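Remember, predicted model here, so these are calculated numbers, not experimental data.
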Amino acid sequence: MLKRKAVTSFFMLLAGVLIATGCSNTNEDAAVDDNGAEGGATVEFMHLWPQGSSAEHYRIVNEIIADFEEEHGISIDLQVLSNEQYKDQITVLSAANELPDVGMTWAAGYLDPFVEGNKFTPLDDMLEGGLRDEFVAGTLEAYEKDGQTYGLPLELNTVYVYYNKAIFDEYNLEAPTTYEEFEQVIATLNENNVQPIALGNRDRWTGSMWFMYFADRIGGTDVLTNAINRSGSFEDPALVEAAAKVQEMVDNDSFVSGFNGLADEEAKSMFMNEQAAMYMIATWDLPNYTTNEDVPQEFRDNVGYFKFPSVNGAGDVNSFVGGPGVGLFVAEDSDVQEEAKQFAAYFVEEWGSRAVAEAGVIPATIVDGEGLDLPEMYVEVLEDLNDATNLTLYADVQMTAAVAQTHLDLIQSLFGGEITPEEFARQHEEALSAQ
């Protein structure tokens with residue numbers, strides 16, 4: 001599964017030619033001319049879900065293509081690459097002005113060189129007439145540059161706190177809705193020698209998610225994003241207070257011992273082996289708590305989740321930290337741009353319900369989970385997303401590579417008590433101002 005670290009930076013141009021595996025979906029029995037099947041247009045499409053490693057994704061894509069071709073009389077010339085091959089090849093093709101008509105991209109900083117080089121075309125004209133309203137709130141914004149939209153998100157990962165219901169039941173605990181209730185849960189677990197929260201902060205983005213939620217609840221949905229895009233300041237009192245809340249949690253022994261030296265995978269193992277009562281992670285882990293048959297059924301039955309609580313009576317619990325996975329772009333210099341846009345719109349509309357029901361993917365479009373045969377937790381998450389008011393993209397993904405490195409280093413220092421909240425904010429402000 002694609003994870004958030006895939007979008008943090010633009011990839012260096014690599015020389016050489018990559019051999020791609022793929023297939024053409026033209027009808028072999030039809031008369032085909034140079035412009036495509038039955039005299040219609042041909043749209044080149046490249047994606048990164050090979051059959052070998054992403055069988056369900058691959059199958060769903062082919063089904064959508066077949067349906068589109070039948071309904072619209074437009075041929076899709078398909079090329080499929082593995083994830084890393086795709087990253088390399090898309091950069092090579094961009095430099096040679098040979099991008100496919102439709103392809104996959106990541107959000108935020110990854111988009112910058114493509115947009116600045118006029119490689120991707122704006123898609124706002126496609127979003128009029130109702131398509132914009134089909135996306136979960138906040139997802140399209142991750143693909144915006146200078147007020148224009150350059151990608152249509154397909155996947156979405158939002159961050160929750162997962163908890164062990166059996167442990168909570170043993171100590172008469174309930175999922176907290178306020179920070180004060182959260183503190184009480186942590187205190188009760190500590191009193192009974194149960195480690196409250198599994199955290200692997202050696203990876204640092206894990207700790208960043210805690211800081212981001214405190215920032216959102218204390219300062220509102222825009223305070224962090226505004227500090228990063230320079231319409232605000234990182235020394236905003238709300239961000240200083242958010243950093244102070246992080247250290248308050250550390251001081252209250254909220255996290256497992258040695259958390260700053262543990263990798264996220266180690267923390268995940270502690271939660272799944274019932275060595276900690278809670279664990280914060282994005283919805284890419286949902287299969288581990290629902291459908292993954294390698295995980296004991298008893299454990300899966302015992303996992304619940306809750307939204308990050310309100311803090312000091314403030315904060316919208318329907319505002320999420322997270323980020324879209326891949327999205328679709330349309331090439332600026334496509335010779336069949338209108339047909340490419342038609343295919344891209346069709347694809348995102350069809351992808352949502354098929355992807356979640358058949359591949360366990362949380363889509364970036366709004367889906368009625370009640371009408372699908374899904375595990376209960378998937379239905380609940382889809383309902384949450386339908387009610388979502390905001391999505392704040394991971395902080396380091398919003399930042400340039402250099403500032404993101406500074407941010408992640410400062411996150412670890414903050415959790416380790418090596419700097420004060422004020423120093424944390426000031427050093428961020430200095431790094432952002434210098435970029």
Side-chain angles (χ1 to χ4, degrees), residues 157-201 206-207 209-210 213-214 216-217 245-246 248-259 262 264-292 294-313 315-322 362 369 374-385 387:
N157 289 298
T158 50
V159 178
Y160 291 101
V161 181
Y162 295 89
Y163 69 98
N164 188 308
K165 291 188 287 187
I167 294 176
F168 270 49
D169 289 346
E170 183 175 354
Y171 300 106
N172 298 314
L173 299 172
E174 295 183 358
T177 59
T178 69
Y179 178 62
E180 293 74 22
E181 292 173 355
F182 199 11
E183 287 183 299
Q184 187 55 54
V185 166
I186 291 166
T188 299
L189 292 168
N190 276 321
E191 288 167 6
N192 288 279
N193 297 315
V194 177
Q195 298 203 82
I197 301 168
L199 171 65
N201 202 40
T206 46
M209 297 188 300
W210 288 92
Y213 262 128
F214 277 122
D216 177 276
R217 298 299 188 257
K245 284 294 186 188
V246 165
E248 184 175 89
M249 289 196 72
V250 172
D251 292 342
N252 290 338
D253 294 326
S254 303
F255 306 110
V256 295
S257 301
F259 63 85
L262 294 176
D264 175 59
E265 287 298 320
E266 294 174 292
K268 185 196 309 288
S269 294
M270 293 186 73
F271 177 65
M272 296 183 70
N273 288 320
E274 303 184 273
Q275 296 171 302
M278 293 173 281
Y279 172 58
M280 178 188 277
I281 200 65
T283 46
W284 60 62
D285 259 24
L286 273 179
N288 284 335
Y289 314 133
T290 53
T291 58
N292 186 350
D294 292 332
V295 177
Q297 184 67 52
E298 183 179 0
F299 173 78
R300 285 182 277 155
D301 290 342
N302 274 330
V303 177
Y305 75 85
F306 57 88
K307 302 172 187 176
F308 199 89
S310 62
V311 179
N312 300 333
D316 180 359
V317 296
N318 290 318
S319 178
F320 291 95
V321 167
I362 299 298
L374 296 170
E376 182 180 354
M377 191 177 290
Y378 272 96
V379 175
E380 293 172 354
V381 167
L382 290 172
E383 289 176 350
D384 290 344
L385 295 180
D387 296 331

Item checked: Main-chain N/O of Gly313 paired with Ser310 side-chain donor or acceptor, under 3.5 Å -> no
In this structure, OG1 of Thr291 is separated from CG of Leu286 (nearest 0.5 Å) by 8.5 Å
message = Checking Leu385 against Ile362 for the side-chain contact (heavy atoms from CB on, under 4.5 Å) test, could you report, in this order, the C-alpha distance in whole Å, the side-chain angles of both residues, the deciding distance, and whether it holds?
response = CA-CA 9 Å; Leu385 295 180; Ile362 299 298; 3.4 Å; yes
_Polar side-chain atom of Asn172 near backbone of Phe168 as donor-acceptor pair, under 3.5 Å_ = no
Using modelled atom types only, decide if a donor and an acceptor are shared between the side chain of Asn164 and the backbone of Ala277 within a distance under 3.5 Å.
-> no
Q. Where the side chain of Tyr213 meets the backbone of Val321, is there a donor-acceptor pair that is under 3.5 Å apart?
A. yes
Worksheet entry | Side-chain donor or acceptor of Arg300 paired with backbone N/O of Thr290 under 3.5 Å | yes
Separation between OG1 (Thr178) and CG (Asn312), nearest 0.5 Å, reads 9.5 Å
**Study point:** Test log, rule ring-ring contact (aromatic ring centres under 6.0 Å, His included), inputs Tyr160 and Phe320
**Key:** CA-CA 8 Å; Tyr160 291 101; Phe320 291 95; 5.5 Å; yes
Please assess Tyr378 against Tyr289 for the test side-chain contact (heavy atoms from CB on, under 4.5 Å), listing each intermediate value before the final yes or no. CA-CA 10 Å; Tyr378 272 96; Tyr289 314 133; over 6 Å; no
**Test item: Asn190 side-chain N/O and Asp253 main-chain N/O as donor-acceptor pair under 3.5 Å** = yes
The reported gap from CD1 in Ile186 to CD1 in Ile197 (rounded to nearest 0.5 angstrom) is 4.0 Å
**Item:** Thr158 backbone acceptor or donor facing Thr283 side chain under 3.5 Å
**Value:** yes
Check your understanding: Are side-chain heavy atoms of Asn288 and Val303 found at a separation under 4.5 Å?
Key -> no
* Might you work through the side chain to side chain donor-acceptor pair (under 3.5 Å) test for Ser269 and Glu265, ending with a clear yes or no? => CA-CA 6 Å; Ser269 294; Glu265 287 298 320; 5.6 Å; no
inquiry  = Are there over 12 heavy-atom neighbours, none belonging to Glu174, within less than 6.0 Å of that residue's CD?
reply    = no
Using a distance-only test with no angle check, is there a side-chain donor-acceptor pair under 3.5 angstrom linking Tyr305 and Asp384? yes
Notebook entry, point to check: Looking only at atom types and distance, does a side-chain atom of Asn292 sit under 3.5 Å from a main-chain N or O of Asp294, one as donor and one as acceptor?
Noted result: yes
Interatomic distance, CE@Met270 vs CZ@Phe259, rounded to 0.5 Å, equals 12.0 Å
Q.
Could you tell me if the side chain of Leu173 sits less than 4.5 Å from the side chain of Thr188, heavy atoms only?
A. yes
message: I'd like to know if the side chain of Asp285 and the backbone of Ile281 have a donor-acceptor N/O pair within less than 3.5 Å.
response: no
Would you find a donor on one side and an acceptor on the other, under 3.5 Å apart, between the side chain of Arg217 and the backbone of Ser319? yes
Validation row: Ile167, Met278 side chains within 4.5 angstrom (heavy atoms)
no
| request: Given ring-ring contact (aromatic ring centres under 6.0 Å, His included), test Phe308 with Phe214 step by step and report yes or no. | output: CA-CA 9 Å; Phe308 199 89; Phe214 277 122; 5.2 Å; yes
Rounded to the nearest 0.5 Å, the NZ atom of Lys245 sits from the OH atom of Tyr179 at a distance of 5.0 Å
Gly369 and Val379 have their tightest heavy-atom pair at O-CG2, 3.7 Å
What one should report as the nearest heavy-atom pair of Met209 and Val159 is SD-CG2, 3.5 Å
- Message: Can you tell me if Glu298 has over 12 outside heavy atoms packed within less than 6.0 Å of its CD?
- Response: no
In short, Val256 meets Gln195 closest at the heavy-atom pair CA-OE1, 3.2 Å
Value for CG (Leu199) from CE (Met249), rounded to nearest 0.5 Å, stands at 9.0 Å
Report the C-alpha distance between Asn302 and Tyr163 in whole Å, list the side-chain angles of each, state the deciding distance to 0.1 Å, and finish with yes or no for side chain to side chain donor-acceptor pair (under 3.5 Å). CA-CA 8 Å; Asn302 274 330; Tyr163 69 98; over 6 Å; no
On a heavy-atom basis, the closest approach of Ser254 and Pro196 is O-CB, 3.2 Å
Heavy-atom closest pair (Ala198 atom, Tyr279 atom, distance to 0.1 Å) is O-CD1, 3.4 Å
*Applying ring-ring contact (aromatic ring centres under 6.0 Å, His included), run through Tyr162 and Phe306 and close with a yes or a no.*
CA-CA 7 Å; Tyr162 295 89; Phe306 57 88; 9.1 Å; no
Closest non-hydrogen atoms of Leu374 and Leu382, given as atom of the first, atom of the second and distance, are CD1-CD1, 3.7 Å
- Task: In sequence, state the C-alpha distance, the side-chain angles, and the governing distance for Glu248 and Asn252, and then conclude on side chain to side chain donor-acceptor pair (under 3.5 Å).
- Result: CA-CA 6 Å; Glu248 184 175 89; Asn252 290 338; 4.8 Å; no
